[in-house]
Amino acid sequence: TGADNQTVTVYLGNANTTASQSFSYGPDPVVDLVLPDCTLLQGGLNITVHGSNFDIIQSPQLVINNENTVTKRSASYDVTCGSDDVTFIEAVERNDSELVFTLPANTSESYSYSFKMD
């Protein structure tokens with residue numbers, strides 16, 4: 001709790017061990033703004049995420065979920081199956097308050113994106 005250094009001890013059954021270095025908690029990343037709010041299907045544009053505390057993220061990624069559906073029709077019924085195609089994009093630029101991702105070409109007209117901040 002808080003940004004103070006903390007001692008880390010791992011317990012396993014009756015045994016335990018304490019880490020030789022202390023651990024400090026930092027505030028969570030906060031996203032304030034994502035620009036632009038629309039893009040081109042041919043890709044190549046940058047998505048810039050503005051916020052704070054991005055320095056604690058080890059591997060920021062843009063997650064693109066292409067939401068494709070396939071409908072098979074027969075005389076008596078239709079079957080619609082979803083097919084999710086997920087792409088992970090690494091940040092090309094980063095600092096404590098900004099992450100920049102370059103979008104690839106997208107063949108799906110319907111997709112959503114999110115951010116993985118591990």
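Residue numbers start at 1 and run along the sequence shown.
- Side-chain contact between P104 and I64 is present, with at least one heavy-atom pair separated by less than 4.5 Å.
- Note that the CD atom of E98 and the CG atom of D32 stand 12.0 Å from one another [nearest 0.5 Å].
- In terms of hydrophobic clustering, with Ile, Leu, Val, Met, Phe, Trp and Tyr side chains grouped at heavy-atom distances under 4.5 Å, L99 and V31 are assigned to a common cluster.
- With sequence neighbours excluded, no residue forms a ring-ring contact (aromatic ring centres under 6.0 Å, His included) with Y11.
- Pairs of residues two or more places apart, or lying in two chains, that qualify as side-chain hydrogen bond (donor to acceptor under 3.5 Å, both in side chains) and include a residue from residues 87-97 are S59-E90, Q61-E90, N95-S97.
- Here CD1 of I57 is found 12.5 Å from NZ of K116. Values are rounded to the nearest 0.5 Å.
- Checked against the 6.0 Å centroid criterion, the rings of F115 and F101 qualify as a close aromatic pair.
- Side-chain contact check for Y113 versus I89: every heavy-atom pair is 4.5 Å or farther apart.
- T7 OG1 to F23 CZ: the interatomic distance, rounded to the nearest 0.5 Å, is 12.0 Å.
- Rounded to the nearest 0.5 angstrom, L62 CG and S114 OG are separated by 7.5 Å.
- With respect to N46, the side chain to side chain contact (heavy atoms under 4.5 Å, CB included) criterion is satisfied by exactly one of V100, L103, L35: V100.
- When side chains are defined from C-beta on, I47 counts as touching P36, because their heavy atoms get closer than 4.5 Å.
- In this structure, the side chains of N53 and D28 stay at 4.5 Å or more apart for every pair of heavy atoms.
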